Number of protein chains: 2
Amino acid sequence: MRQGPTITTIAERAGVSIASVSRVLNGLPTSEATVRAVRVAAEELGYVPNSVARSLKSSRTNQVAFAMADIGNPTYVAMVRAMQPVLKDAGFRLILHSTDADIDDELDVLRRLGERYADGLIISPIRLTERHLEAFAEARAPVVVIGSVPDGTPVDNVRADSRTGLRLALDHLYALGRRRIGFVNGPLDTVPGAARARAYADALTELGLPHDPALIEIGDFYRADGAAATRRLLARTRPDALMCANDLIALGALDVLRAEGLRVPEDVAVVGTDDTDLAPVAWPTLTSVALGSAERGRRAAELMLDRLADGDAEPRVVTVEPRLVVRGSTKGTS
Amino acid sequence: MRQGPTITTIAERAGVSIASVSRVLNGLPTSEATVRAVRVAAEELGYVPNSVARSLKSSRTNQVAFAMADIGNPTYVAMVRAMQPVLKDAGFRLILHSTDADIDDELDVLRRLGERYADGLIISPIRLTERHLEAFAEARAPVVVIGSVPDGTPVDNVRADSRTGLRLALDHLYALGRRRIGFVNGPLDTVPGAARARAYADALTELGLPHDPALIEIGDFYRADGAAATRRLLARTRPDALMCANDLIALGALDVLRAEGLRVPEDVAVVGTDDTDLAPVAWPTLTSVALGSAERGRRAAELMLDRLADGDAEPRVVTVEPRLVVRGSTKGTS
DNA sequence: TTGTAGGCGTTATCAA
DNA sequence: TTGATAACGCCTACAA
């Protein structure tokens with residue numbers, strides 16, 4: 001762990017100037033003899049260029065940051081996993097920020113972009129406030145947002161299509177003869193919670209089903225909250241299907257249905273959202289609306305790379321197609 | 001996204017020298033008037049210090065890297081999740097490297113430490129070769145390894161205790177009356193595979209159970225491999241319990257047992273390893289040996305911080321205590 | 001083709 | 001208390 005050599009060290013060793021060393025290292029036209037001398041010296045000393053110095057000169061860090069609420073959430077894991085190879089292949093390192101869905105933390109991350117430790121930021125805020133929009137506008141580096149932002153926001157944007165996604169799920173349930181389709185949602189002041197509430201209502205309308213407030217319950221996006229919300233819902237009405245705003249909520253719903261002696265899917269069909277790795281593990285395996293977490297992550301990384309290549313291009317909006325993955329919780333046994 | 005102000009900009013605005021600006025910003029003794037002038041100017045211009053320049057000067061990046069095989073693996077997710085707050089609180093950013101268990105990729109990460117983009121590296125290699133050990137010795141920054149390294153390796157080391165962990169599991173199975181305890185392992189040339197193979201053999205010996213090669217099967221660490229391996233094992237013998245080298249393998253085993261019409265745990269009890277988030281989701285819920293992924297991540301981060309604070313301290317070895325989490329796949333219904 | 005020198009934004013030393 | 005100035009390691013005119 002000795003102090004690493006610099007171009008100065010190499011220059012001395014090779015008996016040339018630091019400029020020549022730099023030229024050789026960057027493949028600029030140099031005499032054969034110099035090239036050899038420098039290469040040998042660099043090799044012998046185990047030279048590795050200092051990326052910090054390089055960054056200071058080039059004002060490029062080759063780092064991209066990703067900020068999300070919680071790396072434990074399988075949705076974000078899928079995003080990170082998909083981003084990684086895209087960024088890596090382009091020579092970028094990935095910095096991870098976990099914000100615990102704390103708004104001040106998120107804003108802090110945006111503000112700190114001014115420190116120029118990263119060339120750009122991909123962020124997936126669970127709530128979207130006025131202050132976020134201001135921060136996006138003032139950001140000192142390109143920002144890509146995963147989750148819908150209002151038109152005109154000066155950032156690239158990757159969106160899920162909850163509307164179509166829930167429509168797919170409700171069509172499926174309708175086709176199976178279900179008419180009392182409950183909805184266990186997350187908090188309405190979150191980006192996904194709000195989107196999914198609208199999507200559920202729209203889908204009901206389009207299917208010509210009545211809007212029954214008794215069929216809607218709200219909790220947080222975790223298993224225990226999903227279970228509690230489902231318990232509250234079952235206490236006052238009897239649905240023949242439950243649409244859940246994410247897979248964790250759906251797992252909680254399965255827990256409660258089982259405890260209540262209700263069969264899934266015979267008595268109550270259950271659909272999750274996000275199609276996480278948990279869905280095929282659950283019992284019964286969980287039908288889930290895949291909103292394309294991995295693809296959203298991949299597309300966000302690609303948008304970032306494009307943006308870094310051309311900072312003046314118009315902000316872009318990319319919408320990822322949802323897909324319904326049918327499993328045992330709505331159909332048959334498995 | 002205009003060009004950000006530097007201390008030079010502020011110095012001009014405030015009518016002082018850059019030295020004074022730096023002093024104010026770093027809280028060094030300065031006259032009241034200068035402090036005020038600088039603060040006002042910095043505020044008005046929205047100044048944010050450039051971390052790259054700071055790093056060049058201080059040769060500190062305030063970044064720590066973590067290299068693992070695959071961020072999709074729940075074990076690593078647990079580690080990352082636990083590291084994050086420790087590093088963050090200490091003012092460090094976390095860089096993620098996903099190596100796909102590719103040895104050259106891992107060695108590359110180690111070599112690139114010479115670029116000084118991070119102050120240290122936490123690495124969890126799935127295989128450990130001679131070249132790894134050499135690379136550890138030559139690393140240009142502190143390295144913390146998660147997974148046992150030979151004594152004398154000049155790195156801090158966080159270990160799981162597979163031996164005790166498997167012993168806990170086999171004791172549990174033994175106490176339940178199981179005597180033909182099969183073992184579905186991962187590849188023997190991996191760090192966990194090798195450790196768990198030894199641990200299983202030792203536990204059998206200590207329990208006075210015979211070593212029956214027919215009871216051992218090897219696949220890769222994924223669900224499908226676990227299923228295939230279990231199928232091979234069942235084709236030649238009939239265990240009354242299956243110890244699995246990780247939770248994914250155990251899920252595969254559950255799949256096959258169910259398909260074969262064998263009841264879990266009545267006919268065959270199943271135990272996983274790592275106690276990932278999947279264990280409580282599986283059906284039946286999966287008894288699993290918790291090797292403390294989260295704690296290993298946390299401890300690794302702490303060792304790194306200590307090392308960065310005192311580079312000359314002796315290399316440390318930390319072993320994390322295992323714990324058996326009993327669920328439905330070995331006992332009762334749940 | 002090569003070397004000298006200036007600068008990227010900070011911090012820190014040294015006189016004044 | 002303050003300002004001029006020299007690093008940190010690299011890249012790149014510009015001159016030779």
Side-chain angles (χ1 to χ4, degrees), chain A residues 2-39 41-42 45-63 91 112-119 140-141, chain B residues 2-39 41-42 45-63 91 112-119 140-141:
Chain A
R2 66 192 179 288
Q3 187 55 19
T6 71
I7 53 170
T8 308
T9 331
I10 298 185
E12 287 166 1
R13 174 86 153 225
V16 298
S17 72
I18 61 167
S20 288
V21 175
S22 177
R23 273 189 288 263
V24 171
L25 265 25
N26 291 297
L28 297 177
T30 321
S31 78
E32 193 55 34
T34 307
V35 169
R36 207 167 9 241
V38 170
R39 287 216 194 294
L45 294 169
Y47 172 78
V48 182
N50 182 316
S51 64
V52 176
R54 210 168 239 182
S55 292
L56 182 57
K57 186 75 182 125
S58 66
S59 62
R60 273 279 197 148
T61 59
N62 292 312
Q63 300 190 145
R112 293 218 185 173
L113 268 183
E115 293 176 4
R116 318 242 54 140
Y117 66 85
D119 297 333
R140 291 279 167 82
Chain B
R2 66 191 179 289
Q3 187 54 20
T6 71
I7 52 170
T8 308
T9 331
I10 298 183
E12 287 166 0
R13 174 85 153 225
V16 298
S17 74
I18 62 166
S20 288
V21 175
S22 178
R23 272 189 290 263
V24 172
L25 264 26
N26 290 299
L28 297 176
T30 321
S31 77
E32 192 55 34
T34 307
V35 170
R36 208 169 5 242
V38 169
R39 287 217 193 295
L45 293 169
Y47 171 79
V48 181
N50 182 317
S51 64
V52 176
R54 203 170 248 181
S55 292
L56 181 58
K57 187 72 186 135
S58 65
S59 63
R60 272 279 196 149
T61 58
N62 291 313
Q63 300 191 145
R112 294 219 184 172
L113 268 183
E115 292 177 4
R116 319 242 54 141
Y117 65 85
D119 298 333
R140 293 280 167 80

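Computed from a predicted model, the values in this text were never measured in an experiment. Throughout, protein chains are lettered first and strands after them, A, B, ... in sequence-line order, and every chain is numbered starting at 1.
As a whole-Å value, the separation of B:E12 CD from C:dG9 P is 12 Å. The separation between B:R60 atom CZ and D:dG9 atom P is 16 Å, rounded to whole Å. As rounded to whole Å, 11 Å separates atom P of D:dG9 from atom CD1 of A:I18. A:N26 places its CG atom 13 Å from the C1' atom of D:dG9, with the value rounded to the nearest Å.
Residue B:L25 is classed as having no contact, given no heavy-atom separation below 4.0 Å to the nucleic acid.
The phosphate of D:dT1 has neither OP1 nor OP2 within less than 4.0 Å of any side-chain N or O from B:T30. OP1 or OP2 of C:dG3 lies within a sub-4.0 Å distance of a side-chain N or O belonging to A:S20. For the OP1/OP2 pair of D:dC11 and a distance below 4.0 Å, the side-chain nitrogens and oxygens of A:S22 include at least one atom meeting the criterion. Considering only side-chain N and O atoms, A:S17 lies under 4.0 angstrom from the phosphate OP1 or OP2 of C:dG3.
Rounded to 10°, the helix from C:dT1-D:dA16 to C:dA16-D:dT1 has 50° between the axis fitted to its first five pairs and the one fitted to its last five.
When distances are taken from the side chain of B:A19 to each of C:dA12, C:dG9, C:dA5, the shortest belongs to C:dA12.
Proximity of residues 47-59 of chain A to DNA chain D (heavy atom under 4.0 angstrom from any strand atom) is restricted to A:Y47, A:P49, A:N50, A:A53, A:R54, A:K57.
Interatomic distance, CZ of B:R39 versus CD1 of B:I10, reported as 11.0 Å (0.5 Å rounding). If you take CZ on B:R60 and OG on B:S51, they are separated by 14.5 Å, rounding to the nearest 0.5 Å. A:N50 contributes atom CG, which lies 9.0 Å from atom OG1 of A:T6 (distance to the nearest 0.5 angstrom). Between atom CG of residue B:L56 and atom OG of residue A:S55 there is a gap of 9.5 Å, rounded to the nearest 0.5 Å. Of the inter-residue distances, the one linking A:Y117 atom OH with A:R112 atom CZ reads 8.0 Å to the nearest 0.5 angstrom. Rounded to the nearest 0.5 angstrom, A:Q63 CD and A:D119 CG are separated by 7.5 Å.
Judged by distance alone, with hydrogens and angles left aside, the side-chain atoms of B:R116 form a donor-acceptor pair with the main-chain N or O of B:R140 at under 3.5 Å.
Between B:E32 and A:I7, it is B:E32 whose nearest contact on DNA chain D lies nearer the 5' terminus.
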Do any side-chain atoms of residues 14-25 of chain B form donor-acceptor pairs under 3.5 angstrom with protein atoms, and if so which ones, sequence neighbours left out?
from	atom 1	to	atom 2	distance (Å)
B:S17	OG	B:A19	N	3.3
B:S17	OG	B:S20	N	3.3
B:S22	OG	B:N26	ND2	3.3

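Across all non-hydrogen atoms, the minimal contact from B:P5 to B:L45 is CG-O, 3.4 Å.
A donor and an acceptor atom sit less than 3.5 Å apart, one in the side chain of A:R23 and one in the base of C:dG3.
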